[in-house]
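Taking it in order: structure first as structure tokens, then the write-up.
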Amino acid sequence: MSQPATVMQSQVSRLDVEQARQTILADCSPITGHQQIAVREALHRILAEPVYSPINVPAHTNSAVDGYALCYNDPPADQQFDLIGSAWAGTPFDGRVGPGQAVRIMTGAVLPDGADSVIMQEEIERHGDRISVQGTHKPGENVRQAGEDLAAGGIALARGKRLQPADMGLLASLGTGEIKVFRRLRVAFFSTGDELRSLGEPLGKGEIYDSNRYTLLGMLRALDMDVIDLGVVKDEPQSLRQALGDASHEADAIITTGGVSVGEADYIRDIMQQLGNINFWQIAMKPGRPLAYGRANDTPLFGLPGNPVAVMVTFYQFVKPALLRLAGMDTTSAPRQFKVKSTSAFRKKPGRTEYQRAILQTDENGELTVRSFGRQGSGILRSMSEADCLVVLPKDNDGVKEGDYVEVQPFEGMMS
Ligand code: AMP
Ligand code: MG
């Protein structure tokens with residue numbers, strides 16, 4: 001079905017990747033719903049309030065090594081000490097260590113009163129109940145002070161932190177069993193396109209299976225978001241209006257794919273604009289040039305292009321940072337990027353940022369290098385499946401020679 005174009009080329013804004021990202025981020029603020037959860041459910045949830053430490057970490061001054069606890073402030077000239085007992089993790093020595101005395105101590109055991117240092121067992125000689133310290137040492141050696149990691153009452157984890165495995169362990173180390181997190185973000189999505197068929201349906205001539213919904217499902221699940229899959233929506237005004245209306249009421253954010261390119265099913269833009277305030281951008285990037293962003297009934301809406309690779313690239317450059325901010329995360333940013341040596345040449349026209357699929361390798365000197373995946377068509381989803389990073393060629397770049405350094409964004413981290 002085709003209808004007359006109502007959005008003229010001149011009404012479409014042109015933006016750089018960073019401008020678009022910042023414009024979108026500036027428009028997104030966290031949802032308000034919170035919930036109380038157990039620490040074992042905390043992975044990838046986002047803290048809705050800071051966690052204060054109820055205790056000192058470590059709780060007691062203790063030994064960092066297996067060795068001998070003693071007072072090294074004013075040691076005997078011969079560096080010999082009498083062994084008067086032992087301290088184990090969980091079983092402290094309950095006497096006092098006097099001058100010229102030492103206590104055998106294990107890692108994590110409470111430092112006995114009177115001791116200020118622990119000498120590693122490799123640095124003493126033991127003769128029965130007497131030890132002789134080898135070499136010179138600094139008072140305070142190998143001792144972890146109470147509260148040195150975290151003082152009681154201090155902020156252990158800040159509001160807006162997306163919790164990782166270390167944070168779960170940290171919470172447990174404080175004795176904290178429950179935390180307040182933002183509720184999960186609800187994200188609705190649908191595909192547009194008359195050529196699309198869903199799984200289980202037979203393919204007619206010129207028809208293709210809708211893969212974008214499954215890619216989106218995976219990308220959203222990896223971010224621990226609740227998904228509302230609205231299926232394939234016909235390129236037809238009534239269905240589209242209905243789908244957008246429903247999505248805007250049920251979800252915190254909406255993602256559509258297809259139908260935002262200039263000259264393609266332009267009435268999608270009309271309908272999006274009737275429901276809210278949507279900007280249609282031509283971004284100086286490849287893949288992913290056409291992109292729509294705005295609000296449908298006040299719900300943020302991301303209109304991604306239909307090409308399967310463009311969907312993923314635009315999701316990670318724009319949608320993921322914005323969704324994480326909506327979900328409550330305080331600092332969200334572009335995917336992490338670093339420089340590595342390229343073992344391939346990359347062809348590139350100046351004037352747009354390009355995201356090319358590539359594979360990271362370690363060369364014989366142990367240096368990380370990157371090579372092109374080869375065919376870069378934006379419909380080739382296999383390139384995203386087999387590659388493990390994107391090479392980001394900046395806007396002004398006009399090509400890369402073998403041996404040049406390029407910026408890469410690894411999929412690990414990006415996709416989790
Ligand atoms: P569009 O942005 O709608 O012009 O689509 C660009 C290209 O992506 C076309 O070749 C579409 O057939 C393809 N495409 C659009 N949506 C999907 C989808 N959900 N799954 C797979 N391919 C799609
Ligand atoms: Mg289409």
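Keep in mind that what you see is a predicted model, and the values were worked out from it rather than measured. Atoms within each ligand, like the ligands themselves, are counted from 1 in listed order.
- Contact atoms of ligand 1 toward G259: 1 (P), 2 (O), 3 (O) (distance under 4.0 Å to a heavy atom of the residue).
- Residue Y209 approaches ligand 1 through these ligand atoms, each under 4.0 Å from one of its heavy atoms: 20 (N), 21 (C).
- In this model, no donor atom of one side chain and acceptor atom of the other lie less than 3.5 Å apart for Q35 and R184.
- Looking at V232 against ligand 1, nothing comes within 4.0 Å, counting heavy atoms.
- Both the backbone and the side chain of S211 come within 4.0 Å of ligand 1, judged by heavy-atom distances.
- Contacts with ligand 1 closer than 4.0 Å are made by side-chain heavy atoms of E195 only, the backbone lying farther away.
- The local environment of CZ in R21 is crowded, with over 12 non-hydrogen atoms from other residues, nucleotides or ligands closer than 6.0 Å.
- Side-chain N/O atoms of S191 and N212 include no donor and acceptor closer than 3.5 Å.
- Looking at Q337 and Q409, their side chains do bring a donor and an acceptor atom within 3.5 Å of each other.
- If you check each of L304, D210, T192 against atom 19 (N) of ligand 1, the one with the closest non-hydrogen atom is D210.
- Contacts with ligand 1 closer than 4.0 Å are made by side-chain heavy atoms of I208 only, the backbone lying farther away.
- The shortest side-chain heavy-atom distance between D16 and T353 does not fall under the 4.5 Å cut-off.
- Residues I179 and R45 are not in side-chain contact: their nearest non-hydrogen atoms beyond the backbone lie 4.5 Å or more apart.
- Not a single heavy atom of G193 sits less than 4.0 Å from an atom of ligand 1.
- By the 6.0 Å contact criterion, NE2 on H34 is enclosed, its count of non-hydrogen atoms from other residues, nucleotides or ligands being greater than 12.
- Shown in contact with G258 at under 4.0 Å from a heavy atom are these atoms of ligand 1, numbered in order with element: 2 (O), 3 (O).
- Within the set P305, G306, A310, G206, the minimum heavy-atom distance to atom 8 (O) of ligand 1 is found for G306.
- Atoms of ligand 1 found under 4.0 Å from any heavy atom of S191 (numbered from 1 in listed order, with element): 19 (N).
- Of the inter-residue distances, the one linking R186 atom CZ with I31 atom CD1 reads 7.5 Å to the nearest 0.5 angstrom.
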